Amino acid sequence: MSQEPRIKLVVTGDDFGYCPHRDKGIVDCFHAKVVTNVSLIINGSSAASAASLARRYNIPIGLHANLSEGLPVCAELKQNSSLINFKGVFHGKMGIRKILSQGLLDMLEVRKELCAQIKLFRELTGMNPQHMDSHQHVHVLPGIREVFAQILEENRIHYTRIPVQLGLYRCTWIPDTLMEFYKGVEEDAIYAVEIFKKHGIRWPDLYIGLSTMGKNMSTYNIHEAIRHGVCSWQSTIATLPDITRSVSIELMTHPGYPSIPEEGGCGEGPDDFSQSLDRLHELEVLKSTSLQSFFLGNGVQLCAFRDL
C-alpha cells in the first residue's frame, strides 16, 4: 500500500449507551486509541452514564439515531404511533422496512422522534452531535432520508454515514441472506447521496464495516477493505487536481464486553447481537498489535469526525 495516499481513518464505536458492558469495552478501546469516535444510542438503557463517560474522557461523540429498536424518546409517540407495534416498541430492523414499503410510516412522526432524540442528546452531553448516523442504517431509507437530511441541516450537524462499502461483493464469507440485506442498504444509501449533498451534509470519502463485523473482523479483512476501497477511490479521482490529498474513511465497529440477559438494550432487553462473543472479538482485534502495526506501516492516521 506504499503508493496510496495518506489515510485518515475514523473508527466509530456504535451503540454507545446500549448497556454498561458494551460501554466499558468501547471506552477501553478509546483509551487504547483504537476507537476514535462513538455514536450514542440515545434510548439505550445506559445512555445517561455513557454520556457522562464521554464528558469525563473527552470522547468525540455523535448520535446513533434509533427508529428500529426499543422505545421512542418522544413521549407523545409512545402510544398510537406509526413508529411502534402492538407491543409499544419500534418495529425492528426488518419491520420498519416493511411498514415503510406499505406506506404506513408517518414522516411527521419520524421528524418528531428524531428531533426528540437530538434534544435528549444535547441534554445528556451538553453539546450538539458531532455527527449523526442511525441504528441499522434506517437513515438512508426512502422518505426517512429526506427528513433526516433536513433535520441535520436545521441542527447544524455536518457529518453523517453513507453505508456503501466498495468491493463488498468480493466478500464471499458473508451469508447470502445478510448479503442481500447489505445490498439493499447500499442501494438505499446511493439514492441518499444527492439528498444529503443538497442539504450540505458531508461524510468521509469511504466507508467500511459491513465485511468486518463480528467474527469477520480481522487485521487482514480490515486491510483488504481499506486497500480495495482506496484503490477504487483513486481510480475515480484520477483526473481531478486534488488527488494528492488524504483519503478519509470511516470504519464502523461494535466492540464491547457482551451484554448479559436482562441488562441493557433499548427497552426490550439486550438482543442476541449485543450478547454475542463477537463483541469481545471485535474489541480484541481492534486492540491487537497486528492491527496497530498495519496502521503504522501504511500511513493510516486515526482521527475523529471533528478532525476531517
Side-chain angles (χ1 to χ4, degrees), residues 12-20 22-23 26 37-51 54 61-78 81-85 87-100 105-125 128-141 143-145 147-149 151-152 155 157 159-161 163 181 185 188-189 192 209 213 252-254 256 259 263-275 279:
T12 304
D14 277 5
D15 299 342
F16 196 50
Y18 193 89
C19 87
R22 296 278 303 281
D23 298 345
I26 291 172
N37 217 91
V38 297
S39 280
L40 182 67
I41 191 162
I42 203 70
N43 68 336
S45 66
S46 60
S49 60
I61 187 169
L63 176 58
H64 199 50
N66 186 5
L67 299 174
S68 57
E69 182 181 352
L71 299 167
V73 168
C74 182
E76 67 180 271
L77 299 178
K78 292 183 178 182
S81 163
S82 68
L83 292 175
I84 59 175
N85 61 22
K87 295 181 180 179
V89 297
F90 290 135
H91 294 286
K93 180 173 76 173
M94 301 311 296
I96 188 172
R97 288 167 166 84
K98 180 179 180 181
I99 292 293
L100 181 63
L105 201 62
D106 186 334
M107 291 303 156
L108 290 177
E109 293 180 346
V110 169
R111 168 176 277 276
K112 285 182 181 179
E113 178 60 20
L114 291 175
C115 289
Q117 292 191 17
I118 293 171
K119 181 175 183 290
L120 181 56
F121 179 97
R122 289 170 174 157
E123 291 171 358
L124 294 181
T125 66
N128 210 37
Q130 296 176 17
H131 72 279
M132 184 166 158
D133 51 43
S134 72
H135 194 45
Q136 300 168 339
H137 310 294
V138 300
H139 69 295
V140 296
L141 290 172
I144 295 177
R145 57 196 176 212
V147 174
F148 195 88
I151 288 174
L152 263 60
N155 288 275
I157 302 170
Y159 282 96
T160 191
R161 171 183 291 165
F181 175 74
V185 168
D188 289 330
M213 284 184 64
M252 177 188 73
T253 70
H254 299 83
S259 301
E263 186 174 353
C266 301
E268 304 172 87
D271 59 10
D272 292 343
F273 180 91
S274 192
Q275 295 181 67
R279 309 284 67 75

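Predicted, not measured: the structure shown is a model, and the values here were computed from it.
The side chain to side chain contact (heavy atoms under 4.5 Å, CB included) test with H64 singles out one residue from D14, L40, V38, and that residue is D14.
Put simply, the side chain of N43 never gets that close to the backbone of P72: no donor and acceptor are under 3.5 Å apart.
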Note to self: What verdict does the salt bridge (Lys or Arg N to Asp or Glu O under 4.0 Å) test give for R279 and D15, after you've listed the backbone C-alpha separation in whole Å, the side-chain angles of each residue and the deciding distance to 0.1 Å?
What the structure shows: CA-CA 11 Å; R279 309 284 67 75; D15 299 342; over 6 Å; no

Margin query: If you apply the rule side-chain contact (heavy atoms from CB on, under 4.5 Å), what do you find for K93 with V138, and how did you get there?
Written below: CA-CA 8 Å; K93 180 173 76 173; V138 300; over 6 Å; no

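At least one side-chain heavy atom of I144 sits less than 4.5 Å from a side-chain heavy atom of I96. At a threshold of 4.5 Å between non-hydrogen side-chain atoms, the residues H131 and S39 count as touching. For the pair L67/H135, no side-chain contact is recorded, criterion being any heavy-atom separation below 4.5 Å from C-beta on. Looking only at side-chain heavy atoms (C-beta outward), H254 and R22 come within less than 4.5 Å of each other. Between I42 and I118 there is no side-chain heavy-atom pair separated by less than 4.5 Å. Side chains of Y18 and N66 form no contact here, defined as non-hydrogen atoms less than 4.5 Å apart. H139 has its side chain out of reach of I151: every pair of non-hydrogen atoms, C-beta onward, lies at least 4.5 Å apart. Considering only heavy atoms from C-beta on, F90 comes within 4.5 Å of E113 through its side chain.
The local environment of NZ in K78 is crowded, with over 12 non-hydrogen atoms from other residues, nucleotides or ligands closer than 6.0 Å.
Using bins of under 30°, 30° to 60° and over 60° for the plane-to-plane angle, the ring pair F181/H137 lands in the tilted bin.
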